[in-house]
Amino acid sequence: MSLNAKFEALSFDEAEAALRAPEDAARPRTLVVFAGNELAMSERVKALLKEAQAQIERAAGATKFKGKAGSALEILAPVGVAASRLLVIGVGAGNSDDSDKPAKFEDYLSLGGQTAGKLAVGAAAVVLFDLPEAPSEPAAAAAQFALGGWLRAYKFDQYKTKKKDEDKDGPIEIQLGVADAESAKAHVLEATHTAEAVVLARTLVNEPANVLSPTEFARRASELMKLGVEVEILDEKAMAELGMRALLGVGQGSENESRLVVLRWNGGAAGAAPVAFVGKGVVFDTGGISIKPAASMEDMKGDMAGAAAVTGALYAIAARKAKANVVGVLGLVENMPDGKAQRPGDIVKSMSGQTIEVINTDAEGRLVLADALTYVIEKHKPAAVVDLATLTGAILVALGQEYAGLFSNNDDLSERLTKAGTATGEKLWRFPMGPYYDKLIDSKFADMKNTGGRHGGSITAAQFLHRFVGKTPWAHLDIAGTGMGSPSSDVNQSWGSGFGVRLLDRLVKDHYEG
Ligand code: BES
Ligand code: MN
Ligand code: ZN
């Protein structure tokens, strides 16, 4: 997982010294500074740009740049600075709804993304992270800034054989001048792991299904062993012995065998109950015999975004050696139509012993999750379990692509997740659950059926999962709208977003450590 940007945390003095060194003609330098409303700048930045002041004011006047958040001013050949380009990034009020509030943690993430977006591939830059209003935790804010830059710079282009010239220039190199360089170095290092974790998840989502079969996914997940993660892979025989007929039924029409991957990070007290994450890993979802229409079916290579998020989260947690016990389970299958495929009307017995009438073979994710949830709860007795799944198209109808749906049997867990979502910008919106919705999945022939009709489709899917978790505190995140095909943002230009990685890592950091 190589990152397309390099950040080096320096003191302000070191960053200014770097600026006094002559510029490399082959790698022209950009100086990045920040301005608030009406071009407000820190004293240090003002002093540094004294000779360019008239130039800046003239350019600002000509482009009506006032320092608003989200805007930027570009000046070529600024007078008196050894940089070919000066970028003044606006951080002032006047752009967002809560613009009168001080900048929040996630604002520095977007700021890093915006800045990286303005730097060409292969560029060299000196950033003076000396804002007109200093952040309360400058080192942590600087690391968020770097993280935003890494996330922005990610590109999935390994299948493009004709690269543009600028794409051969290597990563952006950024020297980041900060108030407390020592502390920032440590924070930036930790942010590197987070960036690698998100990038890992994005790449898994972006990979086509002819490359990323369940076994190949399992192989990639098992590389987490290098970080000290225990990896166990259950093949079809092992799953059959456990009675996982719900999961196996989904994969039975595919030439590619199904796998269940168990990832364990034991960083907490020995014997303490872990927190469990379960991911839907349908490497391709044709719908099976209830086949999907052709339009956009290619997007269903991303139907493993939940499993990708869980893999990324375990990467982040292990890389920073979190003092927590975490177990991740990936239910990896391919849903294909075939002579051996399961049919509508089939009745399967799940590992829990409950029977399921398969009304629609395209409602396959819940079948996979049912057995994965039973497995992790029986085997690992987790204190809490969170599953992530691109489960329903209906969640896109309800929430669009801004929030993921949250469904839970536990108010505390819901609140923890919601807060982690706000903090990371991976936002969640809780839906109602209850007996009314549960009744909709009662079956004429079995204990339940796998669809609940047109109404409340995301909720009936969650009710189905709820029947497999017993009293364990559980939450289900429907990421069908946020895990893939996301609109481009400051921190993501990739089809696979990696949604959930930072959220789960944050949840662990805030509630399951130490
Ligand atoms: N993987 C799909 C859900 C999905 C749809 C994810 C669009 C991302 C974008 C899931 O397996 C599915 O097909 N769900 C059905 C359920 C229905 C048959 C009850 C759906 O949402 O239509
Ligand atoms: Mn489906
Ligand atoms: Zn699916």
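Every heavy atom of this structure was used, including side-chain atoms; hydrogens, water molecules and symmetry mates were not. Order of appearance sets the numbers: ligands from 1, and atoms from 1 within every ligand.
- Checking Asp303 against the Mn ion (ligand 2), every N/O/S atom stays at or beyond the 2.8 Å cut-off.
- Residue-ligand proximity: Asn450 is placed with every non-hydrogen atom at 4.0 Å or more from ligand 1.
- Residue Val326 forms a side chain to side chain contact (heavy atoms under 4.5 Å, CB included) with just one option from Ile317, Val310, Leu263, Leu504, and that option is Ile317.
- To the nearest 0.5 Å, atom CD of residue Glu223 and atom OG1 of residue Thr311 are 11.5 Å apart.
- For Glu364, the N, O or S atom closest to the Mn ion (ligand 2) goes by the atom name OE1.
- In summary, Asp387 and Lys280 do not engage in a salt bridge, as defined by a charged side-chain N under 4.0 Å from a carboxylate O.
- If you take CG on Leu503 and CG on Leu507, they are separated by 7.0 Å, rounding to the nearest 0.5 Å.
- Summary of contacts: the protein heavy atom closest to atom 7 (C) of ligand 1 is Met300 CE, 3.8 Å.
- The backbone of Leu391, and not its side chain, has at least one atom closer than 4.0 Å to an atom of ligand 1 (non-hydrogen atoms only; backbone = N, CA, C, O).
- If you look at Asp362 next to ligand 1, the close heavy atoms, those under 4.0 Å, come from the backbone and the side chain alike.
- In terms of heavy atoms, Pro274 sits closest to His380 at CD-O, 3.4 Å.
- The OD2 atom of Asp285 and the OE2 atom of Glu364 subtend an angle of 90° at the Zn ion (ligand 3), given to the nearest 10 degrees.
- Between Asp303 atom OD2 and Lys280 atom NZ, the angle centred on the Zn ion (ligand 3) amounts to 90° (nearest 10°).
- Contact atoms of ligand 1 toward Ala480: 6 (C), 8 (C) (distance under 4.0 Å to a heavy atom of the residue).
- At the top of the distance list for atom 16 (C) of ligand 1, counting protein heavy atoms only, stands Arg366 NH2, 3.8 Å.
- The aromatic ring centres of Trp474 and Phe468 sit 6.0 Å or more apart.
- Looking at Glu190 and Lys509, a side-chain N of the basic residue comes within less than 4.0 Å of a carboxylate O on the acidic one, giving a salt bridge.
- A 4.5 Å side-chain heavy-atom check between Ile395 and Phe407 finds at least one atom pair inside the cut-off.
- Looking at Asp285, its N, O or S atom nearest to the Mn ion (ligand 2) turns out to be OD2.
- For atom 19 (C) of ligand 1, the closest heavy atom belonging to the protein is Thr451 CG2, 3.6 Å.
- Considering OG1 of Thr194 and NE2 of His187, their distance stands at 11.0 Å, rounded to 0.5 Å.
- Protein heavy atom in closest approach to atom 2 (C) of ligand 1: Asp285 OD2, 3.6 Å.
- Shown here, atom 22 (O) of ligand 1 is out of close reach of the protein: none of its heavy atoms lies under 4.0 Å off.
- Using a 4.0 Å cut-off between charged nitrogen and carboxylate oxygen, Lys340 and Asp346 do not count as a salt-bridge pair.
- Of the candidates Gly393, Ala363, Ala394, Gly393 brings a heavy atom nearest to atom 5 (C) of ligand 1.
- Atom CG in Leu332 sits 7.5 Å away from atom CG in Leu260 (nearest 0.5 Å).
- Here the straight-line distance linking atom CD of Glu357 with atom CG of Asp447 works out to 11.0 Å at 0.5 Å rounding.
- Of all atoms in ligand 1, numbered sequentially from 1 with element shown, those under 4.0 Å from a heavy atom of Met484 are 8 (C).
- In the vicinity of Glu364, heavy-atom distances shorter than 4.0 Å reach the ligand 1 atoms 11 (O).
- Annotation: atom 18 (C) of ligand 1 to nearest protein heavy atom, Asn360 ND2, 3.5 Å.
- Within ligand 1, the atoms closer than 4.0 Å to a non-hydrogen atom of Thr390 are 1 (N), 2 (C), 3 (C), 6 (C), numbered from 1 in the order shown.
- Contacts between Lys280 and ligand 1 below 4.0 angstrom, taking non-hydrogen atoms only, involve the side chain exclusively.
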